[in-house]
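A quick note: this is a predicted structure, and the numbers were derived from the prediction, not measured.
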Amino acid sequence: MDDKVFHDYASWLIENSNLFDKLNLAESSLMDRYKHVFDVIQHLYDKNIESEALDEEEFNIFNAGFYYLFEQFDQISLILEHTYNGDIYALDKQAPTIILLLNTIEMENELYEALEGEEEKTKPLTDIEQEILSIIERKEDAPVELYEKLDQVSVKLYDEYGLNFYPIGDIFYDIAGEYDLLEEN
């Protein structure tokens, strides 16, 4: 196993610590969205540091979680800087719309991979993504109808191609449960 990914993760945490601190200070729902992914990969990172005993499945889970967070927070950082000029509170006010965008991109990417790059088949999701980006650029909240539209389009596409959508956040919630990382309320 290549330890480079663990070094990359540690560096990424340091490089983005200011963003994470600001989002946590703002009690942003954006951080809540990724809690279980962070918990699982931190658990696996610590396990690797302490004993270097990750098996192949654990290494793959760590890898998938880290690169997912990397891509998601890259998107959030771009939106923060280009649309909100670094104003974390303005970004957080529109967190539901940003989460809608991130969910759309996640579905679009999964569909694209499942259909082996047949880009034209993901066009309905790409169109919704562009619609959401326009709303974010105007610093408005997405209307309820857009959430419904995404639901209808995604269900239709996934049914049409015989696919199931299992969001990465849900996958990592289940994994966090397996590692006994879920907090009891």
For a quick test of your reading: what N or O donor-acceptor pairs under 3.5 Å do the side chains of residues 142-152 make, sequence neighbours left out?
residue, atom, partner, partner atom, Å
Tyr147, OH, Pro96, O, 3.2
Lys149, NZ, Glu131, OE1, 2.9

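Crowding of Glu57 atom CD: a count of heavy atoms from other residues, nucleotides or ligands under 6.0 Å not exceeding 12. Shown here is Tyr173, whose OH atom has no more than 12 heavy atoms of other residues, nucleotides or ligands within 6.0 Å. Environment of NZ in Lys35: crowded, with over 12 heavy atoms of neighbouring residues, nucleotides or ligands closer than 6.0 Å.
For Asp46, the side-chain hydrogen bond (donor to acceptor under 3.5 Å, both in side chains) partners two or more places apart in sequence, or in a different chain, are Gln42.
Atom OG1 of Thr104 is separated from atom CD of Gln130 by 11.0 Å, given to the nearest 0.5 angstrom. For the atom pair Leu91 CG and Asp87 CG, the distance stands at 8.5 Å (nearest 0.5 Å). Rounding to the nearest 0.5 angstrom, the gap separating the CD1 atom in Ile132 from the CD atom in Gln94 is 12.0 Å. With values rounded to the nearest 0.5 angstrom, Thr122 atom OG1 is found 9.0 Å from Asn109 atom CG. The CD1 atom of Ile79 lies 11.5 Å from the CD atom of Glu81; values are rounded to the nearest 0.5 Å. Atom NE2 of residue His82 and atom OG of residue Ser77 lie 9.5 Å apart, to the nearest 0.5 angstrom.
Looking at heavy atoms from C-beta onward, Phe6 lies out of side-chain contact with Leu44 at the 4.5 angstrom threshold. Contact of the Leu102 side chain with the Ile76 side chain is registered, since non-hydrogen atoms from C-beta on lie closer than 4.5 Å. Two residues are said to be in side-chain contact when any heavy atoms from C-beta on lie closer than 4.5 Å; Ile61 and Leu54 fail this criterion. Contact annotation: the side chain of Asp127 never approaches that of Val153 to less than 4.5 Å [non-hydrogen atoms, C-beta and beyond]. The side-chain heavy atoms of Lys139 and Tyr84, taken from C-beta on, include a pair separated by under 4.5 Å. Side-chain contact check for Lys121 versus Glu160: every heavy-atom pair is 4.5 Å or farther apart. Contact of the Glu27 side chain with the Asp92 side chain is not registered, since no non-hydrogen atoms from C-beta on lie closer than 4.5 Å. Between Leu69 and Trp12 the shortest side-chain heavy-atom distance falls below 4.5 Å.
The hydrophobic clustering, which links ILVMFWY residues whose side-chain heavy atoms are closer than 4.5 Å, places Leu25 and Ile88 together. Note on Tyr89 and Phe20: same hydrophobic cluster, where clusters join Ile, Leu, Val, Met, Phe, Trp and Tyr whose side-chain heavy atoms are under 4.5 Å apart, directly or indirectly. Transitive grouping of hydrophobic side chains (ILVMFWY, heavy atoms separated by less than 4.5 Å) keeps Ile14 and Leu19 in distinct clusters. The hydrophobic clustering, which links ILVMFWY residues whose side-chain heavy atoms are closer than 4.5 Å, places Tyr166 and Leu125 together.
Without hydrogens or angle criteria, Glu106 side chain to Ile168 main chain gives a donor-acceptor distance under 3.5 Å. For the pair Asn60 (side chain) and Glu56 (backbone), a donor-acceptor distance under 3.5 Å is present.
Using bins of under 30°, 30° to 60° and over 60° for the plane-to-plane angle, the ring pair Tyr34/Phe73 lands in the tilted bin. Between Tyr179 and His43, the ring-plane angle classifies as tilted under the 30° and 60° cut-offs.
Between Thr97 and Asp141, the shortest heavy-atom distance links the atoms OG1-CA, 3.4 Å. The minimum heavy-atom distance linking Gly65 with Ile41 is given by the pair CA-CG2, 3.8 Å. Closest of all the heavy-atom pairs between Glu110 and Asn164 is OE2-O, 3.3 Å. Taking all atoms of both residues into account, the shortest heavy-atom contact from Gln75 to Ile105 is OE1-CD1, 3.9 Å. Leu182 and Gly177 make their closest contact through CD1-CA, 3.6 Å (heavy atoms, listed as atom of the first residue, atom of the second, distance).
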* To do: Test Asp3 against Asn48 for side-chain contact (heavy atoms from CB on, under 4.5 Å), laying out the working first.
  => CA-CA 9 Å; Asp3 277 351; Asn48 183 67; 4.0 Å; yes
* **side-chain contact (heavy atoms from CB on, under 4.5 Å) between Leu13 and Phe38, intermediate numbers included** => CA-CA 10 Å; Leu13 281 177; Phe38 272 113; 4.2 Å; yes
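Considering Phe172, Tyr9, Tyr68, Tyr67 in turn, Tyr9 is the only one that fulfils the ring-ring contact (aromatic ring centres under 6.0 Å, His included) rule with Phe62.
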